[in-house]
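Everything on this sheet refers to the single structure shown next.
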Amino acid sequence: MRVGVVGLGYVGLITALVLAEKEHVVVGVDVDQGKVEELRCNRSPFYEPGVEDLLAKNRVTYTTDYSALGEVDLAFIAVSTPTVGGKIYLDHVFSAAKSLGEVLRREAVVVVKSTVVPGTARKVGEVSGRRVVSNPEFLREGNAINDTLHPDRVVVGSSDREAGDRVERLWEFTGSPVVRTSLEEAELVKYASNSFLAVKVSFINEMANLCEALPDCDVEVVARVMGMDRRIAPYFLKAGLGFGGSCFPKDTLAISNFARERGEDLRLVEAAIQVNQLRPTRAVESLREMMGGLTGRRICILGVAFKPETDDTRESVALRVIQTLRGEGAEVVVYDPRARTREARQVDSRDQCIREAEAVVIATEWGEFRGIEDSLRGKFVYDGRRVLDPSRMDRRYFRAVGLSRSGSTSGQG
Ligand code: UDX
């Protein structure tokens, strides 16, 4: 098929690259001239495993000019949908829809891939004057290509059978189950899924808080045993500093405000947001208590990306930990294998970061932060992502999310 993709951010670029890899003719459009030029030189605007290899094959045409989409059968809208003042901001989506309406053939189909509140795709249909399909994306950063090649399910929401069939055919190569839904169901599935996972993370984080207040209790054990129940499943039960990234924080906020405007409070989603907002403060309090004050103390933060295998720091909890520590007068030095930040002085090596500081906070679970127990000797340590082995740490100088503050859970390393 001839496919257009509007918006070459995370979702748009990965969609374009994967479809081109599957022998479709793909044109990618973005309003950002600089980004388009970078892509034409096969340079990715972000770090994502596997993207450089696909870019190097050079199969997608990149342009800022919508008229390049005149011949496509399908045009994806994959522009960003930020949450501004608690509400979803949809201007990019509608301006893309309007531009598509001016260039697409009459029988072309507009496919909404951006995460949008229910009712948006219907309006996109009106604005563009074309048939519309909602085809939400569930890819995770760091695993984006694999998730696009092998999704757990493909959701195709449409009231037009033939338009839906066309999108279904496009994703046939995945071999994944396809679920046909209404436009609004497809839009809500995305929010319901992300919100549920956010609730799961906040739930285990509250259990972690409780474990800390009990003797001989480790949330890792509690989560592992909970996850053995097939009804619960082991995923998204990793306690830590909380969820960040470009999706969970903005989507939970957008859907709870959207629901409230319709007279329905999503109490569990709102609670998940609140629990998450308290994570950095709790971590800093714990560190302050252990160190007997933070003013003038030098603290090393290991990891600023919102999760490993990405250089993305959007809504990263690590950044909030850094801001809170600096607000308390601490001096912060950071290290991350990929991500960059201006929030604090950044050094190029993990060992230098540790060496320079009196205390170490693990804020992202990069592989290279595992097994470093010995190099942390003599430092105060707060393991915000549970990567260290507590039995190898000296409990007088060590705290970890979800690990008893007292009791004999671990040895005296
Ligand atoms: C998420 C969804 O998984 C994906 O389906 C959707 O399309 C976009 O949003 P992503 O933001 O890339 O993907 O990250 P994800 O791996 O889901 O993690 C989200 C956040 O939750 C991260 O900050 C992660 O550290 C945190 N998390 C996740 C936990 O704290 N504990 C867990 O058990 C799982």
Side-chain angles (χ1 to χ4, degrees), residues 9-12 14-15 46-49 51 78 80-83 113-116 135-148 150-155 176 186-187 189-209 219-220 222-224 226-227 232-255 272-273 275-280 282-283 303-321 336 339 362-366 369 383-387 400-402:
Y10 235 99
V11 169
I14 306 276
T15 303
F46 48 79
Y47 168 73
E48 174 69 33
V51 160
S80 62
T81 51
T83 302
K113 206 160 235 332
S114 304
T115 300
V116 291
N135 178 218
E137 184 53 61
F138 301 96
L139 61 81
R140 290 160 297 174
E141 290 186 21
N143 208 36
I145 293 173
N146 202 41
D147 281 350
T148 307
H150 310 287
D152 287 347
R153 73 297 205 195
V154 172
V155 182
S176 305
E187 291 167 315
V189 159
K190 172 67 191 253
Y191 283 102
S193 302
N194 273 0
S195 301
F196 185 78
L197 293 172
V199 166
K200 223 175 157 188
V201 172
S202 278
F203 179 90
I204 201 65
N205 282 338
E206 284 210 303
M207 289 301 133
N209 295 348
V219 73
E220 295 265 289
V222 176
R224 191 166 67 240
M226 278 176 70
I232 298 174
Y235 316 106
F236 282 75
L237 283 180
K238 175 90 181 157
L241 289 179
F243 56 80
S246 62
C247 291
F248 283 9
K250 103 175 154 63
D251 292 350
T252 45
L253 211 56
I255 197 64
I273 297 170
V275 169
N276 201 56
Q277 278 166 349
L278 293 171
R279 297 313 283 161
R282 260 191 88 90
V304 285
F306 85 95
K307 67 173 192 181
E309 303 308 328
T310 175
D311 61 357
D312 196 344
T313 60
R314 282 177 289 177
E315 300 284 334
S316 170
V317 188
L319 295 181
R320 296 213 12 241
V321 171
D336 189 286
I362 299 183
T364 312
E365 64 273 38
W366 284 100
F369 303 153
D383 184 356
R385 294 293 181 185
R386 296 307 304 269
V387 302
V401 164

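Order of appearance sets the numbers: ligands from 1, and atoms from 1 within every ligand. All residue numbers refer to positions in the sequence shown, counting from 1. The structure presented is a predicted model; accordingly, all values stated were derived computationally and were not measured.
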*Identify, chain by chain and in numerical order, each protein residue with a heavy atom under 4.0 Å from an atom of ligand 1.*
Glu137, Phe138, Leu139, Arg140, Glu141, Lys190, Asn194, Val201, Phe236, Leu237, Lys238, Gly242, Phe243, Gly244, Cys247, Phe248, Phe306, Lys307, Arg385
Side-chain donor or acceptor of [X] paired with backbone N/O of [Y] under 3.5 Å:
X	Y	answer
Arg282	Val401	no
Glu206	Val275	no
Asn143	Asp147	no

*State, with a plain yes or no, whether a side-chain heavy atom of Arg385 is found less than 4.5 Å away from one of Pro308.*
no
_Check against side-chain contact (heavy atoms from CB on, under 4.5 Å), Lys190 and Asp251_ = CA-CA 9 Å; Lys190 172 67 191 253; Asp251 292 350; 4.3 Å; yes
*Who are the ring-ring contact (aromatic ring centres under 6.0 Å, His included) partners of Phe196, not counting sequence neighbours?*
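With sequence neighbours excluded, Phe196 shows a ring-ring contact (aromatic ring centres under 6.0 Å, His included) to no residue whatsoever.
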